[in-house]
Each structure stands twice: as C-alpha cells, then as structure tokens.
Amino acid sequence: MLGRLGGVFAKTYDNATMTSGSMTTGLSYWSDGKDAEPTVWSCDQYVTEQLDRMAAELNLLEHVKFQHRVDVVRRAGDGKYELVVQPDVACKPHRLCPNPKPADPNAQAFVRKFDQIVVCTGTHRDWQLPVFPGQEKFKGTIIHSADYVNAEPLAGKRVLTIGGGESGADITLQIARVAAKTAICIRGHHGHLIPRWLPKGSGHHMPTDVNTSRLRYTNPLEMGVAGATTLLKYRRWHPRLQKNKVLQKMIEYNLDNKSCAFTKFGCKNTSFVEAILHHGCERKPAVKEFKEDRVIFVDGSEFMCDAVVCNTGYQNSFPLLEENFPELAKSAVRPRGMFKHIIDADFGTDIMFMGFARPAFGSVPAIAENQARFIARVVSEEQPLPDKAGMQAVIKADAEDYTRRFPMDAERLPTLVDFMLYNDAMAEQLKTGPPMWDIFWSSPSLWWKMHRTALTNHQYRLRGVGNDPERALRILKALPKGPPVESIIFTVTLLYSLFNYHILRRKQFKPNNMFMSE
C-alpha cells in the first residue's frame with residue numbers, strides 16, 4: 001500500500017536502478033524531451049522525473065485514490081460489479097513518501113459500482129520467503145529483499161544472499177562493498193546476463209537495450225540464437241574487450257549457462273559478477289541445510305554467516321477475487337492461460353488483467369501501455385475479439401511458442417514473454433502495427449533505422465487508432481542506432497533466414513513480422 005504514485009518503483013531499496021533503459025521504458029504518448037540522449041534512470045528518477053511529471057501534465061492524479069484498499073469484488077444484483085473499498089489504510093513510510101497520511105481506524109468502508117474491472121495489482125504483490133531444512137536452528141537474521149533498505153545494518157558482517165535475479169544481483173553488490181564476507185547462492189540457472197550499458201571498450205556509450213531491436217528479434221529463433229552466440233564469442237575474443245574483466249566473466253557465465261537473450265529471462269545487470277571479481281564474494285550452489293552459524297550447500301561446501309538476505313522473488317495472488325470469484329483468482333495466477341495475459345476465456349471481459357506480461361528483455365511499462373490501449377477499446381466495445389474457442393486456440397498456440405522459446409523458464413515464470421513478439425501481437429489486434437513494407441519503399445533509411453534502434457512504442461503510433469505519426473517519426477529519427485557489429489551479425493543471420501525461407505522453402509526460417517502491416 002502506497003501513499004504516492006509509482007508502484008513497485010516507489011518502494012525500492014536505496015540507490016536502486018532500473019534494469020531497462022529510457023528507450024524501452026518510456027511511453028509513446030509522453031516524453032521528457034531527451035529521446036536523443038537515452039539513459040538508465042534510477043528508480044527514484046523514474047518516479048519523480050518521469051511518472052510524477054507525466055501525471056501532473058496530463059492531470060491523472062485527480063482519478064487516483066492513494067492509501068485505499070479494495071477488499072472484495074462482488075457481483076451486484078443488476079449484473080454490475082461492486083468494490084468494497086477501505087479508505088485511509090496504513091502506509092509504510094519510504095524515502096519517496098516519508099510522511100504518508102496516518103491510518104484512520106474509524107474510517108468506514110464504502111462501495112463503488114462498475115460495469116467492468118481491470119486488475120492492475122502487479123507481479124510484486126506477495127513475496128516468497130523459502131523454508132530450508134534446519135532454518136529454525138539458525139541464530140542469525142533472515143530477511144526477504146522486500147524488507148531490505150540498504151547495506152548499513154550488514155556492515156562488517158558475514159552475509160549470504162540467496163537468488164541471482166536483478167534485484168538480488170544489485171543487493172549482493174551493495175552488501176559486498178561493506179560486509180566482512182559475502183556469498184551468493186544461485187540455486188539453478190541464473191538469468192542471461194547483460195550489462196545495463198554497452199560494455200566499456202565497445203566504443204559506444206548508450207544503454208544496452210538499444211540492442212532490443214526489431215533487427216535482432218525479426219530473426220527466427222534458431223538464427224537469433226546463432227547470432228547471439230556469435231556476438232558473445234566476438235566480445236570474448238575482441239582484444240579491447242578482453243580488458244573488461246567483468247564483461248569477460250559475464251560471458252563465461254552465460255556460455256556455461258548455455259543461455260542467450262532469445263531463450264532465457266534476462267538479468268539486466270552484472271552486479272553479482274562485480275561482487276565476485278572485485279569484492280571477494282563467493283558463488284555457491286543450492287542450499288542443503290542451515291546450521292546454527294552457517295549454511296551447508298549441496299556440493300558439501302559451507303559458509304559461516306550472521307545474516308541471510310533472500311532475493312527469492314514474488315508470486316501473483318488476488319485476494320480481492322478469492323471470495324466471490326475463486327476460479328478466476330486461481331487461473332489469473334498463471335496469466336499465460338489467459339488471452340494475451342489479459343482475458344480469461346471462460347470468464348470473459350467483465351474482469352480483465354493488465355501488467356502481467358514480463359518480457360525477457362525490454363520493459364513491463366511499454367507492454368502495459370499496449371495492453372491499456374487494447375483494454376480501452378474492449379471497454380468501449382470497439383475492439384473485435386475472437387469467441388471463446390478462438391481465444392483458447394490463441395492461448396494454446398502462444399503457450400506452445402513460449403515453451404519452445406524459453407524451455408528453462410516458461411513453466412516457472414508464467415508471465416514471461418518476448419518483447420517484440422508480444423507487442424507486435426497486441427498491435428495486430430489493434431491494427432496499429434508499423435507499416436514496414438510501405439516504409440521500406442518510401443524511406444529505406446527510416447526502415448533500416450527502425451530495425452537498428454531500440455524497439456519503442458512509437459513504432460505503434462504510426463497508424464491506426466490513437467496514431468500520432470508526426471510525433472512518433474520525430475522521436476524515432478532522434479533515437480540512436482545500435483552498434484555496427486551487432487547490426488552486421490544479425491543482418492547476416494536474417495539474410496541467411498530469408499534465403500532459406502524464400503528460396504529453399506524451409507518454414508522454420510520464417511522471419512518474425514519483417515514487413516508487418518497489421
């Protein structure tokens with residue numbers, strides 16, 4: 001529960017930094033005017049310099065109630081939906097909201113009635129603290145990263161962190177800088193590691209998500225994997241890049257992990273690698289058991305520690321639906337079972353979901369914008385939808401495709417999607433896909449630029465409902481292009497795919513949406 005705008009980004013640990021850059025995180029209908037100078041915002045910057053400014057300029061806050069909790073959703077006698085809302089609930093102080101409104105114990109719940117409901121509670125609602133054998137014997141402290149603020153309380157201690165995701169990596173580095181000794185436990189395959197910024201020595205200073213491009217992801221899966229592996233090996237053997245020890249260790253881990261950006265969820269920072277190389281952090285496998293003053297691991301090694309920080313993620317839950325819509329609450333936990341992660345095919349469009357598609361690379365806000373456009377048209381009854389059987393067929397096909405693309409993660413991460421393929425699929429529904437064939441003939445340089453720069457939502461504002469081509473083109477032309485080496489590698493793989501698909505008629509080499517017009 002928060003007393004301000006910002007969601008999960010407004011309640012992060014100190015000095016938290018976004019893992020997606022301004023190009024893929026920014027929204028297509030508002031800009032701070034710095035599109036030609038992309039950066040990676042801190043979470044505080046994103047909230048105060050982006051979201052707050054946008055909300056003020058667009059007069060959004062008059063429609064928002066802070067410190068209000070929806071306890072129950074129920075169906076009214078007239079077929080509409082009632083929300084039982086508790087106002088003035090407690091809010092934990094935070095550096096971005098140090099003085100929230102005090103809770104009012106006498107505040108009375110009230111009811112509001114709506115025709116339709118969109119659930120946007122996010123994927124970071126309920127944190128998971130694992131239970132390990134012997135944990136009750138441990139005399140030190142065990143916390144979840146949800147309760148981590150900064151490393152100061154851990155200075156001079158021996159600390160084990162569990163989990164190598166994006167926040168886990170950053171937290172491990174923060175702790176390693178001040179602790180007496182640290183170790184990080186990565187239980188299985190870590191995410192595919194990339195730095196936030198293009199590596200030093202590459203000759204390019206821009207956020208790495210400039211490579212989350214149409215050129216890269218137009219490649220069919222197999223050729224994308226080949227291109228990504230080639231790029232890793234190029235960086236491994238480039239004389240100038242060999243001097244970057246963190247980059248080289250990152251590449252070693254990725255190759256050992258047998259992962260690439262096409263087949264694994266991303267860990268879009270190299271912080272735990274830096275902690276290992278520069279601050280003596282040890283890497284450990286899965287936990288076997290806890291003792292009074294140490295943790296034993298499955299390989300027989302052990303680590304004496306005073307504190308454990310569990311960066312073990314969150315799980316979806318929908319308590320506001322559980323009382324009256326238990327089946328919907330249960331199915332929504334696994335959004336891959338819904339039409340485009342939005343509509344339950346059995347329940348229909350009365351209650352929809354937004355923000356439950358997490359890209360392997362890219363950003364949730366950009367996907368949520370396209371979901372919002374789709375939902376707005378559904379609510380206004382302007383969006384054609386398939387019938388129940390049609391939805392189920394799309395759900396089945398999407399699930400099979402993502403299981404093929406992300407074999408190690410699809411089952412464990414039911415929100416996981418491919419950034420370009422998901423956004424293009426939403427654009428196909430909305431008829432807002434960029435007219436790439438027309439652009440190819442009218443402006444080949446723009447067509448090439450749109451393939452080499454970061455895939456931003458401005459590409460979906462060139463045509464269709466809600467279009468703003470003048471603004472979109474201005475920003476697209478201002479965005480930087482990706483590095484030449486990246487472009488060359490994925491151009492070669494794409495040309496090879498085109499030859500195999502069109503000349504040799506090998507269907508598995510069909511490019512993804514190369515001349516999209518829907």
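Note: hydrogens, waters and symmetry copies are ignored here, and every other heavy atom, side chains too, is used.
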Scan the side chains in residues 163-170 for donor-acceptor partners under 3.5 Å anywhere in the protein, sequence neighbours excluded, and list what turns up.
| from | atom 1 | to | atom 2 | distance (Å) |
| --- | --- | --- | --- | --- |
| Glu166 | OE1 | Thr19 | OG1 | 3.4 |
| Glu166 | OE2 | Lys268 | N | 3.1 |
| Glu166 | OE2 | Lys268 | NZ | 2.9 |
| Asp170 | OD1 | Arg196 | NH1 | 3.4 |
| Asp170 | OD1 | Ser271 | OG | 2.5 |
| Asp170 | OD2 | Arg196 | NH2 | 2.5 |

(request) Answer yes or no: is there an ion pair linking Arg373 with Glu382, defined by an N-O contact shorter than 4.0 Å? (result) no
(request) Carefully, step by step, assess Trp41 and Glu49 under the rule side chain to side chain donor-acceptor pair (under 3.5 Å). (result) CA-CA 9 Å; Trp41 295 307; Glu49 298 177 14; 5.4 Å; no
(request) Over all heavy atoms of both residues, which pair between Gly3 and Cys91 is shortest? Give the atoms and the distance, please. (result) N-SG, 3.3 Å
(message) Suppose we call two aromatic rings close when their centres sit under 6.0 Å apart. Are Tyr314 and His144 close by that rule?
(response) yes
(message) Please verify the inter-ring angle class for Tyr81 with Phe325; under 30° counts as parallel, over 60° as perpendicular, anything in between as tilted.
(response) tilted
(message) Show the nearest heavy-atom pair for residues Ile439 and Trp447, with the distance to one decimal.
(response) CG2-N, 3.6 Å
(request) May I ask you to decide whether Asp438 forms a salt bridge with Arg463, counting only side-chain N to carboxylate O separations under 4.0 Å? (result) no
(message) Any carboxylate oxygen within less than 4.0 angstrom of a Lys/Arg side-chain nitrogen, looking at Lys264 and Asp409?
(response) yes
(message) Test of understanding: with side chain to side chain contact (heavy atoms under 4.5 Å, CB included), list the residues that count as partners of Lys80, not counting sequence neighbours.
(response) Asp78, Lys113, Asp115
(message) As a test of understanding, state which of Leu320, Leu321, Leu83, Asp350 forms a side chain to side chain contact (heavy atoms under 4.5 Å, CB included) with Ile117.
(response) Leu83
(request) In plain terms, say whether Asp52 and Arg4 are close enough for a salt bridge, that is, a side-chain N and a carboxylate O under 4.0 Å apart. (result) yes
(request) Evaluate the ring planes of Trp437 and Phe440, with Trp represented by its six-membered ring, and classify them as parallel (under 30°), tilted (30 to 60°) or perpendicular (over 60°). (result) parallel
(request) Kindly state each residue pair satisfying ring-ring contact (aromatic ring centres under 6.0 Å, His included) with at least one member in residues 354-388, sequence neighbours excluded. (result) Phe318-Phe356
